[in-house]
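Okay, structure first, notes after.
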Amino acid sequence: MQKVVSDQFDCDPKNVSGYVYGEHGESQFTAWSTVRVNGLDITELAKNGT
């Protein structure tokens, strides 16, 4: 998740945080409301097209 998000927002994966729940594999999912990029909420960044 960190790699994909960091590629999208052109930042270091170390600057992406958030929770991924479930067991490894098909039941795994990202709680997007918890994801932050450089301390900023990803949902706000996505709305702004940043």
Side-chain angles (χ1 to χ4, degrees):
M1 181 272 294
Q2 287 177 299
K3 172 76 171 112
V4 172
V5 171
S6 69
D7 287 347
Q8 183 66 36
F9 290 98
D10 193 30
C11 69
D12 190 315
K14 294 177 186 175
N15 294 330
V16 177
S17 64
Y19 291 99
V20 178
Y21 295 107
E23 297 180 21
H24 285 275
E26 296 295 318
S27 67
Q28 205 170 312
F29 67 96
T30 300
W32 292 108
S33 62
T34 68
V35 178
R36 297 193 168 276
V37 179
N38 293 322
L40 303 172
D41 185 29
I42 192 171
T43 55
E44 291 302 315
L45 291 172
K47 285 180 191 174
N48 296 331
T50 305

Check the hydrophobic clustering (I, L, V, M, F, W, Y; side-chain heavy atoms under 4.5 Å; chains of links allowed) and say if L40 and V37 are grouped together. yes

Count I, L, V, M, F, W, Y as connected when their side-chain heavy atoms are under 4.5 Å apart, and connections chain through other members. Are Y19 and F29 then in the same cluster? yes

Could you give all pairs that pass the salt bridge (Lys or Arg N to Asp or Glu O under 4.0 Å) test and reach residues 6-17, with sequence neighbours left out? K3-D7

Rounded to the nearest 0.5 Å, how far does CD1 of I42 lie from CD of Q8? 8.5 Å

Just how far is it from atom SG of C11 to atom CD of Q2, taken to the nearest 0.5 Å? 9.5 Å

Under the side chain to side chain donor-acceptor pair (under 3.5 Å) definition, can you give me all pairs with a residue in residues 23-41, not counting sequence neighbours? N15-N38, D41-T43

